[in-house]
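Small disclaimer: the values here were computed from a predicted structure and weren't measured. Position 1 is the first residue of the sequence, and the numbers go up from there.
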Amino acid sequence: SFREVKKDERVFEDVYFCPGDPTEEHILLRANVEDAKSVIILASSQTVEGADEKTFQCLSALRRIGETQSVKFRIVLELTKVANVATVECLARDFPGTIDYVSGAHIRTLLLAQSAIIPGLTEFFRDLLSFSSETNELYDKPIPTSAEGLTFPEYASKVLAYSSKQ
């Protein structure tokens, strides 16, 4: 549970918790949301029905704060219904900052389908997405200027061609 995870203070050194309704601007401001590196919006655990609507209300409050205080947010939100992906993509178009979303049902379906074809894929993602000294990690690095405008396969081909010459 969240309470058990929260006991390990090292995990949450740079995380700030502020109780209250995140759809209310004053609660978000009390949490200093305008200074946050990222904002994670979890689906409401109190009700599955209407959970995404509560997430959209929170996004609206963040939009108002972003617009009035000229803040660009990095939002990661959880969706309970795959059908709401189009709504999030529409909201993201003119949002002050970026919005990424995770839909457990959507990811689960994709992972199950790919894992049926590629043995070991679930273990690969489990290791990749776990935080420990024994697992791999992802890093956010700027792309080289030589990769700008290229798709991943195009740039990978360039890297492989260069490596084979060495």
Side-chain angles (χ1 to χ4, degrees), residues 2 5 8 10-16 22 28 32-45 48 51-56 58-63 65-67 69-166:
F2 175 72
V5 173
D8 186 356
R10 293 168 296 142
V11 174
F12 294 100
E13 287 175 1
D14 296 324
V15 177
Y16 183 72
L28 294 169
N32 295 319
V33 72
E34 67 275 14
D35 296 328
K37 181 177 178 182
S38 299
V39 176
I40 300 172
I41 305 172
L42 298 173
S44 175
S45 60
V48 173
D52 288 350
E53 287 73 13
K54 184 130 178 148
T55 297
F56 298 151
C58 188
L59 272 177
S60 294
L62 289 165
R63 175 190 301 277
I65 291 169
E67 290 171 350
Q69 298 197 18
S70 299
V71 177
K72 297 225 180 269
F73 292 109
R74 170 149 171 46
I75 308 293
V76 181
L77 60 86
E78 178 185 23
L79 289 177
T80 59
K81 295 180 182 173
V82 177
N84 286 328
V85 167
T87 302
V88 171
E89 290 172 348
C90 182
L91 290 170
R93 285 190 200 121
D94 62 346
F95 189 81
T98 60
I99 301 175
D100 288 326
Y101 63 88
V102 175
S103 169
H106 189 228
I107 289 174
R108 181 181 59 241
T109 302
L110 295 172
L111 186 57
L112 283 168
Q114 288 296 322
S115 294
I117 299 167
I118 305 168
L121 189 65
T122 55
E123 185 63 29
F124 168 78
F125 278 107
R126 194 175 301 114
D127 283 349
L128 185 64
L129 299 174
S130 297
F131 291 100
S132 79
S133 59
E134 294 85 37
T135 61
N136 293 308
E137 297 176 357
L138 296 174
Y139 296 95
D140 184 15
K141 300 268 187 184
I143 64 168
T145 54
S146 60
E148 290 178 9
L150 299 177
T151 64
F152 181 78
E154 291 169 342
Y155 187 66
S157 294
K158 284 181 76 170
V159 169
L160 289 173
Y162 177 80
S163 297
S164 65
K165 291 178 184 177
Q166 299 302 328

When you measure from the side chain of D52 to the backbone N and O of K81, does any donor-acceptor pair fall under 3.5 Å?
yes

Run the side-chain contact (heavy atoms from CB on, under 4.5 Å) test against E89 and tell me which residues pass, sequence neighbours left out.
V85, Y101

Can you name the nearest heavy-atom pair linking F73 to L62, along with the distance?
CE1-O, 3.2 Å

For the residue pair I117 and P119, what are the closest heavy atoms and their distance?
O-CD, 3.4 Å

Single hit among T55, I99, I40 for side-chain contact (heavy atoms from CB on, under 4.5 Å) with I75
I99

Working to the nearest 0.5 angstrom, can you tell me the gap between T109 OG1 and Q114 CD?
12.0 Å

R63 side chain vs D94 backbone, donor-acceptor pair below 3.5 Å
yes

Which heavy atom of P96 sits nearest a heavy atom of G66, and at what distance?
CG-CA, 4.0 Å

So how far is it from D35 CG to Q69 CD, rounded to the nearest 0.5 Å?
9.0 Å

When rounded to the nearest 0.5 angstrom, what is the spacing between CZ in F56 and OG1 in T87?
5.0 Å

Can you tell me how far CD1 of I65 sits from OG of S70, rounded to the nearest 0.5 angstrom?
13.0 Å

Expected output: side-chain E154 to main-chain T151 donor-acceptor under 3.5 Å:
yes

Can you name the closest pair of heavy atoms from L28 and C58 and give their distance?
CD1-O, 4.5 Å

Given R74 and D100, is the side-chain contact (heavy atoms from CB on, under 4.5 Å) satisfied, shown in steps?
CA-CA 8 Å; R74 170 149 171 46; D100 288 326; 2.8 Å; yes

CG of L42 to OG1 of T80: how many Å apart, nearest 0.5 Å?
12.0 Å

Show the nearest heavy-atom pair for residues S146 and K158, with the distance to one decimal.
O-NZ, 3.5 Å

